[in-house]
Protein chains: 2
Amino acid sequence: MARATVQEVAKTAGVSVGTVSRVLNGSPAVSESSKEKVTTAIRQLNYRPLASARDLRRDRTMRILALAKNLNSPVISEVFRGVGDAAALSGYVSLIAPTSGDLEREQQLVDMLRNSSVDGLILFSPTMSDDDVETLAEQFSVVQVCEIADSEAAFGVSIDDRQAAFDITRHLIETGYQRLAMIGNRAARSGRLREAGFRQAAAEADLSPDQMLFVEGDFDFHAGRRLTRKLLETGPLPDAVFCGSDTVAAGCVREITDAGLRVPDDIAVAGFDDSVQAEMCIPELTTIRQPAYDMGQVAFESLLERMTVAGAHRRGRLFLPHELVVRGSTKA
Amino acid sequence: MARATVQEVAKTAGVSVGTVSRVLNGSPAVSESSKEKVTTAIRQLNYRPLASARDLRRDRTMRILALAKNLNSPVISEVFRGVGDAAALSGYVSLIAPTSGDLEREQQLVDMLRNSSVDGLILFSPTMSDDDVETLAEQFSVVQVCEIADSEAAFGVSIDDRQAAFDITRHLIETGYQRLAMIGNRAARSGRLREAGFRQAAAEADLSPDQMLFVEGDFDFHAGRRLTRKLLETGPLPDAVFCGSDTVAAGCVREITDAGLRVPDDIAVAGFDDSVQAEMCIPELTTIRQPAYDMGQVAFESLLERMTVAGAHRRGRLFLPHELVVRGSTKA
DNA sequence: CCTATATTTGGAATCGATTCCAAATTTGAA
DNA sequence: TTCAAATTTGGAATCGATTCCAAATATAGG
């Protein structure tokens, strides 16, 4: 059975294509009797309007695309859940695609925006340069979320990573820790901001450079272990380690524990994100809670404005509030 | 600057629309000089073919959609990575959407297949009934992955969940454990199969019913803790617990440890999936490794066949091999 | 130089849903 | 019953890329 068209529905229902289309789109200018005939014919033929024809004529798709490097991060899946729910409320479908950090793949996906396969784009951790993002956003509806370069033209939705890192580092210092270390990730835009916050807090407390150890690498469990090992082997031991993510912190706690030391008595550990892993650690992690779901919602609202309002101004960051969560991995 | 069309490109290049289209699609029947003129005009106008117009005329989109309840499971993200890589190799774009287990949302997304927004569909954990999946697959290109009901008409790609659960339970029994418990999830198709495998292995070893405790609930960390608590409080203590996922197993280990018991000396724990969490536990988990990435690839290949080969037969399951991974959470 | 063949080109028709305008029909008031 | 206004309807034009066929041009062989 081939696909039915409006023409066939019209013929079956004994009306014109115009009337069929009006019924499909809920136009009030249709008599009850016509509406019923059309509805019957549609059911009978199992008819569905062809998306490409509709999109072509209407010049919009009611679809958006969200890009990220990976999907296995708790923050990302929560952000995208927020995006999806907000999108659904406005009648949009939100699609997700991972780029694997592959620039070519990312380009192919971004082309879905350029060729109007989707109406808007949400970027989580773009591989392309900040300039390319900027250029893209000049012509199309784009919103960045979480990972936003700290440049002049920055725009998007995130927490204030620098401030958050400052806050948690400050907490460590106030709790009495004096030899701080950080495991960061300079590859990520947020990672650089968190490092800046860490250094700022340390500097304001007059910690000397050798009281501020820093190592950096990927943001996964194994990297956390490896980097912690490096930290324990080289130089003097820190008394607290601030990790750029809970996953890294989990690796850190594990490595410290395996080395026969105790958390937080010998070395305290702080994470970032307040993901499930923060609660899976022993002891549970002191960390920064990101309002991931809310950020997703706000990101979509912001995108919606850019898609629908003609001259919506594109500049500006939106910071959502973060929260310090104190648990057993640091002393009270 | 409005969007350019083939017409405008043709005019700028001084050729016909036919020639522009031929250049766009790499037809050999174009002279070098025309090709160059067109290429220049395209660059000059920053032209991109409009997806909806192309899709309408060609009657295909080169896009597929993958659905799952959530994205935060390590297995799902790995499966979808496999799908995405395989799709890219064949020139397809693979999109992902979470349904949140909401039937209405799922319907809306499945409609993207019905209205030809995408050429094919990969279902991970459908909310709709098995019959509805069956009906859908009769008319469209659909492949199930991981979660496949054990019915007559079952089709899709997965491991043999029943056999895998049988294997790991068997391993527990052979290691010497005699009072087995399982934490399962009857809401999932795979969960029911794993329970069956567990029961079968226990039955074949002549374990009596009160040597086969069973509790069930969701598959997350907190559920794992809660269900383990239930297990510890009621009835006689098991000496080994088989959990339907690593995440649940992580909760189980944690709860047992917090209760002052030791893993595996007092109670052994086995997981399922071999996700990162298996390595994050103390001790690390004995578990079943699923070839998630490969399953994704195979699922796409299977879908590709259905999308392109006319009368491709749709029936049949494809089982990929699983692997028992023995670690410290059970005795050797 | 001329015909036969191969290569390249132009442009109308097409895909299917929407929309606009004019025409037809209904409704209501007088 | 009649006319004006409101409601409903039909159908052609439209969106933009592709494709097919015929026409034009180029190439080669004799």
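Below, chain A is the first sequence line, B the second, and so on; all start at residue 1.
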Donor/acceptor link under 3.5 angstrom from [X] side chain onto base of [N]:
| X | N | result |
| --- | --- | --- |
| A/R58 | D/dG16 | no |
| A/R22 | D/dG10 | yes |
| A/R54 | C/dT18 | no |
| B/R57 | C/dG16 | no |

Which residue lies more 5' along DNA chain C, comparing A/S21 with B/A53 via nearest heavy atoms: B/A53
Minimum side-chain heavy-atom gap A/V38-A/T12 below 4.5 Å: no
What's [X] touching, base or sugar-phosphate or nothing? Going by heavy atoms closer than 4.0 Å.
| X | value |
| --- | --- |
| B/S34 | sugar-phosphate |
| B/T5 | sugar-phosphate |
| B/V20 | nothing |
| B/N25 | sugar-phosphate |

Can you measure [X] atom [atom1] to [N] atom [atom2] for me and round it to whole angstrom units?
| X | N | atom1 | atom2 | result |
| --- | --- | --- | --- | --- |
| B/M62 | D/dA17 | CE | P | 19 Å |
| A/E32 | D/dT9 | CD | P | 10 Å |
| A/K11 | C/dG16 | NZ | C1' | 15 Å |
| B/R3 | D/dA17 | CZ | C1' | 12 Å |
| B/L50 | D/dT14 | CG | P | 18 Å |
| B/L24 | D/dG16 | CG | P | 15 Å |
| A/D59 | C/dG16 | CG | P | 20 Å |
| B/D55 | D/dC15 | CG | C1' | 14 Å |

Minimum-distance nucleotide (side-chain atoms of A/V17 versus C/dA17, D/dG11, C/dG10): D/dG11
Closest to the B/A29 side chain, choosing from C/dT8, D/dG10, D/dG16: C/dT8
Carboxylate-amine/guanidinium contact A/R48 B/D111, below 4.0 Å: yes
NZ/NE/NH1/NH2 to OD/OE distance under 4.0 Å, B/R81 and B/E78: yes
Main-chain N/O of B/F124 paired to B/E147 side chain as donor or acceptor, under 3.5 Å: no
Side-chain (A/D119) to main-chain (A/M62) donor-acceptor, under 3.5 angstrom: yes
B/L56 vs B/G18, nearer the 5' end of DNA chain D by closest nucleotide: B/L56
From CG (B/L24) to CZ (B/R54), nearest 0.5 Å: 9.0 Å
Does [N] have OP1 or OP2 under 4.0 Å away from a side-chain N or O of [X]?
| X | N | result |
| --- | --- | --- |
| A/Y47 | C/dA17 | yes |
| A/S16 | D/dG10 | yes |
| A/T19 | D/dG10 | yes |

